[in-house]
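Lettering follows sequence order; numbering is per chain, from 1.
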Number of protein chains: 2
Amino acid sequence: MSDTPIRLLLVDDHTVVRQGLKMVLSLESGFEIVGEAGNGQEALDAIPKLEPQVILMDLLMPVMDGVTAIRTIKKAYPDLEVVALTSVLEDRLVIDAVEAGAAGYLLKETGPEELIEAIYAAARGEVRLHPKAQKRLVREVRTPEMRESLTERETDTLRLVAKGLSNKEIAKDMDVSEVTVKTHVSSILSKLNLSSRTQAALFALKEGLVGLE
Amino acid sequence: MSDTPIRLLLVDDHTVVRQGLKMVLSLESGFEIVGEAGNGQEALDAIPKLEPQVILMDLLMPVMDGVTAIRTIKKAYPDLEVVALTSVLEDRLVIDAVEAGAAGYLLKETGPEELIEAIYAAARGEVRLHPKAQKRLVREVRTPEMRESLTERETDTLRLVAKGLSNKEIAKDMDVSEVTVKTHVSSILSKLNLSSRTQAALFALKEGLVGLE
DNA sequence: TCTTACCTCAGCCAAAAGGTGGAGATGAGG
DNA sequence: CCTCATCTCCACCTTTTGGCTGAGGTAAGA
């Protein structure tokens, strides 16, 4: 490894988690934690002053979410490596994070050793994905026709289907005829290879297209 | 407060979270962290030796989940107070935890102050619920006829509906006629005051009746 | 300009879903 | 024994859903 410590910025809205990370990482001499932030916006503001080399970023945060933050950061500072660190494993999140340029996707259930190893890897410009995240990503790459191929209106429709609305209600909500909604739903089912709107709703939930409340 | 520190046991499968809690709580002189555990079973085994007064318990853990652990602990040690600490807010979890005898339900997004306050409260035998958890619990108490009133077969049916199966598939799965399934689905919708199987599926997911994969 | 993809709508049709009412069997409990 | 809840099934009916084909308008891109 290098002889100068890696400058780290921690971004997470939970105080407890930040403290925990600090605790765990402070046992490792190769790191220097130069700051903390409670959301993506704070992180962005702090970068010029703190000049971190690697950022540990939670994905689910208020104000500015992690994915947006990663995208913005990688645009402004391409050399800065961002490791996504989250407690939930959602297809959509994994894909978005990787697309946004994350140097890693770790779950909070990850042990300290892997965490440390992933940071070193990120600093070297390598990518470390949690095994489960890898699986999701591979699944996605293998079936890119899936959610990817849904058009904008179809995606809108699916979102409403996943909220339990009927075609008539969706039509009213989208301000089109019910016939059009039926057309959209049909092509959704066809494209995704599903056989009912309930399955479509479940798909949308799994993909993180909509939340559960 | 008392002059002797409160003996605390931390139970969480994430090392990072445990360290974070230790860090945060060590700033408070009123506590003494007597031990840690990575799951419910470990916690249970450690109680006789460590003699904690309050346990901070994560709900989602491998081996033995938090709710089961709470139930078991409260049966064996009624005076031991257990505070549930979790990152997710699920109706079913809140209800189950409270029924199991939890002295509190906190989210990991909770700030250190509230966390500390909740532990003191638990030690005094009081109950502290996160505002969001309170809301869920109240909603539940107000509509006990809901999920509660579903019969066994209806619950089975709902579970399969929430997996995206058609009536015919459910009939095959449950080994009854499709007519019977329709009867069950009808009474489910009627009892839960819903208007489509998709809504029923979403309900089942919200209630934690089934998982999402 | 000529595709191509998308959005919108339509009609026709079959299948699935859902509502209503009723009925026989079973088993638990007063 | 009687009652009550549950499970099972049936018939009849309406509504919803989903498949299929086609068609006009629009916007982007070769």
Side-chain angles (χ1 to χ4, degrees), chain A residues 92 95 99 140 143-207 209-210 212, chain B residues 143-207 209-210 212:
Chain A
R92 177 48 85 88
I95 296 154
E99 276 180 356
E140 171 63 20
T143 54
E145 336 81 74
M146 291 294 222
R147 191 202 57 255
E148 224 64 8
S149 70
L150 290 191
T151 67
E152 197 180 336
R153 287 305 254 179
E154 285 164 355
T155 306
D156 293 342
T157 305
L158 178 53
R159 227 185 294 271
L160 296 175
V161 167
K163 292 182 71 176
L165 302 191
S166 70
N167 289 338
K168 196 173 297 188
E169 293 170 319
I170 294 174
K172 195 170 296 177
D173 197 294
M174 289 176 59
D175 199 40
V176 295
S177 83
E178 189 181 341
V179 182
T180 302
V181 176
K182 287 178 65 173
T183 307
H184 288 322
V185 173
S186 276
S187 57
I188 290 170
L189 295 179
S190 168
K191 284 181 179 177
L192 303 182
N193 200 25
L194 304 173
S195 55
S196 75
R197 65 199 297 104
T198 301
Q199 290 183 2
L202 296 176
F203 177 88
L205 288 175
K206 267 184 235 169
E207 292 296 303
L209 196 61
V210 288
L212 196 46
Chain B
T143 53
E145 337 81 73
M146 291 294 222
R147 191 200 59 251
E148 224 65 9
S149 70
L150 290 191
T151 66
E152 198 180 334
R153 287 307 254 177
E154 285 163 356
T155 305
D156 292 342
T157 306
L158 179 54
R159 227 186 294 271
L160 296 175
V161 167
K163 292 183 71 176
L165 302 191
S166 69
N167 289 337
K168 196 173 296 190
E169 293 169 319
I170 295 174
K172 196 169 295 177
D173 198 294
M174 289 177 60
D175 199 41
V176 295
S177 82
E178 190 182 341
V179 182
T180 302
V181 176
K182 287 178 67 172
T183 307
H184 288 322
V185 173
S186 275
S187 58
I188 290 170
L189 295 179
S190 168
K191 284 182 179 178
L192 302 181
N193 200 25
L194 304 173
S195 56
S196 75
R197 66 198 296 103
T198 301
Q199 290 183 1
L202 297 176
F203 176 88
L205 288 174
K206 267 185 236 170
E207 292 296 304
L209 196 60
V210 288
L212 195 48

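- A donor-acceptor pair under 3.5 Å is absent between the side-chain atoms of A/E169 and the main chain of A/L165, judged by distance alone.
- In this structure, A/E152 reaches the sugar-phosphate backbone alone: every heavy-atom distance under 4.0 Å involves primed, P, OP1 or OP2 atoms, never a base.
- If you take CD of A/E154 and P of C/dT8, they are 10 Å apart, rounded to a whole angstrom.
- From A/L202, atom CG reaches atom OG1 of B/T198 across 8.0 Å, with rounding to the nearest 0.5 Å.
- Within residues 181-188 of chain B, the residues having any heavy atom under 4.0 Å from DNA chain D are, by residue number, B/T183, B/H184.
- B/V176 comes within contact range of the sugar-phosphate backbone alone, with a heavy-atom separation under 4.0 Å but no base atom that close.
- Residue A/S177 is in sugar-phosphate contact alone, with no base atom involved, counting any heavy-atom pair closer than 4.0 Å across all strands shown.
- Residue B/I170 contributes atom CD1, which lies 8 Å from atom P of C/dA17 at whole-angstrom precision.
- Side-chain polar atoms of A/T180 and A/T183 form no donor-acceptor pair below 3.5 angstrom.
- Using a 4.0 Å cut-off between a side-chain N of Lys or Arg and a carboxylate O of Asp or Glu, A/K191 and A/E154 qualify as a salt bridge.
- Read 5' to 3', the first and last nucleotides of DNA chain D with an atom closer than 4.0 Å to a heavy atom of chain A are D/dT16 to D/dG19.
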Could you list, one pair per line, each protein nitrogen or oxygen that sits under 3.5 Å from a nitrogen or oxygen of nucleotides 25-30 of chain C, together with the distance?
none

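- Distances shown here put every side-chain N or O of A/R153 at or beyond 4.0 Å from the OP1 or OP2 atom of C/dC7.
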